[in-house]
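Worksheet for the structure shown next.
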Amino acid sequence: MNIYHEILLPNCMINKDHPRYESLKLREKVVDAYNRGILAESGMIAHGRGEAFDYLLGEETTSNAKKAVQAAAAALILAKYPVISVNGNTAALVPNEIVKLADDLNAKIEINLFHRTEKRVSIIKNILNDAGAKNILGTYNEKKAMIRGLNGPRASSSREGVYIADVVLVPLEDGDRAEALVKLDKLLITIDLNPLSRTAKTANITIVDNIVRAIPNLIQAVHELNNINDSYLHQIVRDFNNQENLEESIKKISDKHTGRVKT
Ligand code: ATP
Ligand code: MG
């Protein structure tokens, strides 16, 4: 057995004893995803912004994130037509978990890329297929509908997916698209480590946590709430206040670094 317990990646070895092993492992996964054509360069930059906030939050799930996960799970279970929107970062970090969540919810998966190319869509489709997804939307050769208020490839959505969804889970979404989706009266759930981002502020429910922790937590919450009656689920969604939750997340960051409170 190797006493260093290192993971081997194309360019480096990270010792498991490193205090930030998990974070460094994710960083390497993202670089690897870029090299495999899953991510555009900007996907790595977006990851870096997320990583900075994760560092500030202590790289663990806060009680606020747990509360948001409960509300998100309740909203997704109540949805008539839930859709999970997948971008390069999501496909790189949690492909198996996304497919499991979609299966458990009977939700559609739609590929939506900020920097959309036919090649990248096809690579991501293959990754999701390998993870067990059957009917992936947002690919080419498909009827598209344009989202009002957006231009270019970002405006495009699948007619069988985001366009007709009542509840959309869009991790790591950009602010403009989030605003446009909310204007279409969709209940928008996002996962975003930056509680100050436009997306975080625009969504109805924002899970301020790393996607690698948030999706498994969502799977668990969906499992736990699945047989609970609808009126209780509605209550959970109604009781959730996104603005308050974001303010508490910001406070957690400052308290943590002035030594006042633990997560
Ligand atoms: P705005 O929402 O203000 O328009 P933006 O969406 O354009 O900002 P980007 O950097 O493109 O900003 O979006 C990436 C977002 O995803 C950032 O807010 C970042 O914190 C978040 N993010 C990146 N990696 C992760 C991750 N692994 N888990 C959760 N969130 C992440
Ligand atoms: Mg955003």
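Here the structure is a predicted model, which means the values were calculated and not measured. Side chains included, hydrogens not; waters and symmetry mates left out as well; all remaining heavy atoms used. We count ligands from 1, going down the list as the structure has it; atoms in each ligand are counted the same way.
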Would you call E28-K25 a salt bridge at under 4.0 Å N-O? no

Under 2.8 Å from the Mg ion (ligand 2), protein N/O/S atom count? 2

Show me the donor-acceptor pairs, under 3.5 Å and distance only, between side chains in residues 179-187 and residues at least two apart or in other chains.
| residue | atom | partner | partner atom | Å |
| --- | --- | --- | --- | --- |
| K186 | NZ | V162 | O | 3.1 |
| K186 | NZ | Y163 | O | 2.9 |
| K186 | NZ | A165 | O | 2.9 |

Measuring from the heavy atoms of D54, does anything fall under 4.0 Å of ligand 1? no

Using a strict cut-off of 4.0 Å, indicate which atoms of ligand 1 neighbour a heavy atom of D209. 28 (N), 29 (C)

Any ion pair linking K66 and D209 (charged N to carboxylate O, less than 4.0 Å)? no

Heavy-atom contacts under 4.0 Å between L93 and ligand 1: side chain, backbone, both, or neither? side chain

Determine whether I215 and L93 make a side-chain contact, defined as any pair of heavy atoms from C-beta on separated by less than 4.5 Å. no

Mark yes or no for whether S85, through its side chain, and V170, through its backbone, hold a donor-acceptor pair below 3.5 Å. no

When H257, K252, K251 are each screened for side chain to side chain donor-acceptor pair (under 3.5 Å) with D255, the one that passes is K251

For L137, the option from K108, R159, K125 that meets side-chain contact (heavy atoms from CB on, under 4.5 Å): K108

Atoms of ligand 1, numbered as shown, that sit under 4.0 Å from any heavy atom of E173: 6 (O)

D174 heavy atoms, cut-off 4.0 Å: which ligand 1 atoms fall inside? 6 (O)

Tell me whether ligand 1 is touched by N89 - counting only heavy atoms on the residue side and a distance under 4.0 Å. no

